[in-house]
Amino acid sequence: MPELLPSLKAGTQQEHQLLEDRLDLFNRVTDLANYRRLLEGFFTLYEPLEQCLGNVIDWRALNWDFDGSRKTPWLVEDLINLGLSQTDIDSLPRCPNLPEIDSASKAVGSLYVLEGSTLGGQLITKRFSSSLGTAPDRGGRFFSGYDEGTVAHWRAFAAWVQSVEADLHAGEATIAARDTFRSFDLWLNRAPFS
Ligand code: HEM
């Protein structure tokens, strides 16, 4: 019986709702300038967090293609399509308050948040493509995620979590998932995407 994923979902429901409510995306992001700042906010958290997760454990040994699933390259592609240069991107200040990830359980809990965000992305991409004209090659690569493959990728992630969960500590994973949501909340809501 899979247990970890449903328990991560239940254990972070409040944090997800709070983040969604406080982001208030569709009222706050009404033009491409706001949209670009939103993506800058995601990029400056995803990049250091994925770097940290990549260093904490050996994902290959656990049979998860972490490098092939990184979302940072999508965010870079979007920022370039929205007019930033690589130098602009390099000079964006990175999120200083990352969740503390010092174990495999915490890494998996944090990764749950990053992978799960592709599910919400499916709804977000529909809204922004109609309101702002974004598309995968027009600043919408990150939110479009795996497109029609999103559910399949999520199922693969769920199956993988199930295959490793016996060796993980559910409490630690949940703490890390909550902390990850909190980092997003604090960072993305620190000012109107500035
Ligand atoms: C306004 C912004 C957001 C909206 C409207 C939204 C919406 C949603 C929706 C509709 C789902 C369920 C999809 C499904 O079950 O098919 C979902 C799942 C999820 N979202 Fe969000 N989301 C938002 C932001 C975020 C962010 C910023 C993150 C993390 C950085 C995130 C993390 C997750 C996770 C982890 C799940 C998976 C829950 C589970 O089934 O275990 N979401 N979101």
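As the structure lists them, so they are numbered: ligands from 1, and atoms in each ligand from 1. Keep in mind that the numbers below use all heavy atoms, side chains included, and drop hydrogens, waters and symmetry copies.
For F42 and W74, the ring centers are positioned 6.0 Å apart or more. Aromatic rings from W64 and H153 are positioned such that their centres are separated by under 6.0 Å. Two rings, from Y112 and F157, have their centers 6.0 Å or more apart.
For the residue pair N97 / R190, no side-chain donor-acceptor distance below 3.5 Å is found, with atom types taken as modelled. Checking N55 against Q51 by side-chain atom types alone, no donor-acceptor pair falls below 3.5 Å. Side-chain contact, E77 with N81: no donor N or O sits under 3.5 Å from an acceptor N or O. In summary, the side chains of Y35 and S131 do not present any donor paired with an acceptor at a separation below 3.5 Å, with no hydrogens or angles considered.
Within ligand 1, counting atoms from 1 as listed, the ones closer than 4.0 Å to a heavy atom of I124 are 2 (C), 3 (C). Distances below 4.0 Å separate heavy atoms of V113 from the following atoms of ligand 1: 29 (C), 30 (C), 32 (C), 35 (C). Less than 4.0 angstrom separates some heavy atom of F181 from each of these atoms of ligand 1: 28 (C), 29 (C), 31 (C), 32 (C), 35 (C). Interface of F184 with ligand 1, defined as ligand atoms under 4.0 Å from a residue heavy atom, comprises 30 (C).
By the side chain to side chain contact (heavy atoms under 4.5 Å, CB included) test, S129 is found to be paired with T134, residues two or more places apart in sequence or in another chain being considered.
Note: an N/O pair closer than 3.5 Å links Y112 and ligand 1 by distance alone. Polar contact with ligand 1: present for K9 (N/O pair, distance under 3.5 Å).
Around atom 21 (Fe) of ligand 1, the protein contributes the following N, O or S atoms at distances under 2.8 Å: H16 NE2.
Atom 10 (C) of ligand 1 has as its closest protein heavy atom L123 CD1, 4.2 Å.
Less than 4.0 angstrom separates atom 40 (O) of ligand 1 from at least one non-hydrogen atom of the protein.
Neither the backbone nor the side chain of L114 comes within contact range of ligand 1; no heavy atom lies under 4.0 Å.
By the 6.0 Å contact criterion, CZ on R94 is enclosed, its count of non-hydrogen atoms from other residues, nucleotides or ligands being greater than 12.
In this pair, F128 and F143 present their aromatic rings tilted. The plane angle is within the 30 to 60° band.
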